[in-house]
Amino acid sequence: MPSGTLLLEPPRPPDPARFQEVVNAPLSACLFSPYIVSLLRSKGIGVELLDAHLLGLSVQDTLKELERKFVGAYDNTPLLGVHLVYLWEKTEEVFDLLSKIKSLNPRVHINLYGYYPTFAFREILSRYPFIDSVTLGEPEYPFLELAQAIGDSKGAPELPNIKGLAFRNVEFHTPHSEFHTPPDDLPFPDRSLLPLYQEKGLTTYILGSRGCYGRCTFCYVSPFYGGWRGRSPQNIFEELKDLYENGVRYFYFADANFFGPGRAGRERAKELADIILREGLNIRFGMECRANDLEEDSLSRLVEAGLREVFLGIESACDPTLKRFRKDTSQEVNRRAVGLLRHFGIEPNLGFIMFEPHTSLKDIRTNFEFLKDTRLLRSPAITAHLLSHKQTLFMGTADYHRFSKDGPSGHLYEAHYDFEDPGVKSFYEAASRLCNEVLSLLTSGDSQACCTPLHEDDRLLELNKSLVNTYEEILCQYENGVGHRRQP
Ligand code: SF4
């Protein structure tokens, strides 16, 4: 067995100024490291995972923990794999940490994997000399080959020949979308941290499929995976059963899109529900999907099998915006999906982009009326996020390349942009001030209410009502051409 590989989920230092930014990596990324662990172990490679994020370690404590490992049993660790998540301004703290690790053990090969390094590998490799390589796209098999090459090598390994990895000063990088892991071939992800998840009351995630068949211009899931690939229902069921036998009763599918394309995609979902019911697995679960994939037949079967929570990526209620996003849906499709979920007793959580570069005041009005009309503004935390959420432009998305001032080879992972309409810019500033103010009034318990319907809490109901009314008032002022004279 090679002397050892260490995987690190770095700490995610909290940033109070960023509490409104809800997502900086798709949920499916949460299983990258556990899948690498199980694949490496299945090939006889010794590997350990330090999940500093899960353990709630600070950057300093993580460094101490790593010092202990490098000075002790891991002083010969030749390979450190790091799942790097973009943390806005805090990302630099993680790079500082990695730089210190390299000074502790200059022989260690540091590899990064995940969405951020996949799309920003050129910038990362040129800016941070202590990073040796980056895994492009799905990390499992390229990382396995890297671990094998490092473990087998007597001297300097022939690393640049490994497909799916990017190295400094190597011009050619095999496109990551060429690497399609047959999902049923992978061992189930490592669950040694399950007791800690259970102790902390955290959700157990499971990955039933990879990627998405959608082509939304603001999203990098499809460029990362190169399409949608599902595990077979039987294979998913086997993993569910294993976890069930370990006491798990609630699961959340971390899939970017639970459904595969078209009728076959819905039939596959139904087949999974059929197996769960036939085998008598008494579970509850949640999932994320597109609005156009919801139809009565498969949904009713999934609900019977335990589906209770759905995150619906509707993004907008404006048809021209949905067209610009290449979402291939419409306000009508979104409205129907919300209605259908409610018919089955599920109150959806929404993916929604209120502000994007082309947004007009008319679009804001259309979105606002839709959200009110469909009773989706149901608690202050939800309302504040929905009413102020602004599109981010990350490398790897089609919109980044369209709107980035730096162009496709720019030096920023996140591109900044101005709204086309200066009135929208001013309204956005006023709306985010209002929404941030409301969010700052909420306790952590209040914020958790964002995932469940608000019932009898008078204080929150009143705060929600006042937020909606104030937003309405400000919007009217802008529509009447007097908004820009508002005082900050
Ligand atoms: S539906 Fe669009 S936003 Fe959602 S995962 Fe697919 S491509 Fe991304």
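All ligand and atom numbering here is 1-based and tracks the order in the structure.
Contacts between Cys219 and ligand 1 below 4.0 angstrom, taking non-hydrogen atoms only, involve the side chain exclusively.
Ligand 1 has no atom lying under 4.0 Å from any heavy atom of Tyr213. At least one heavy atom of Lys327 sits less than 4.0 Å from an atom of ligand 1.
When each of Arg324, Gln391, Lys390 is paired with Glu356, the side chain to side chain donor-acceptor pair (under 3.5 Å) condition holds for Arg324 and for no other.
Ligand 1 places these atoms under 4.0 Å from at least one heavy atom of Phe218: 3 (S). Here is the list of ligand 1 atoms found below 4.0 Å of a heavy atom in Arg290: 1 (S).
A donor and an acceptor atom, one from each side chain of Asn235 and Ser232, are nowhere located under 3.5 Å apart. Side chains of Thr204 and Tyr252: no donor on one and acceptor on the other come within 3.5 Å.
Counting protein heavy atoms only, atom 2 (Fe) of ligand 1 is closest to Cys216 SG, 2.3 Å.
Contact of the Glu140 side chain with the Tyr35 side chain is registered, since non-hydrogen atoms from C-beta on lie closer than 4.5 Å.
The aromatic rings of Trp88 and Phe394 sit tilted relative to each other, their planes meeting at an angle between 30° and 60°.
Considering only non-hydrogen atoms, atom 6 (Fe) of ligand 1 lies nearest to Cys212 out of Gly214, Ser222, Cys212, Gly351.
Taking the six-membered ring wherever Trp is involved, the centroid distance between the rings of Phe419 and Tyr417 falls below 6.0 Å.
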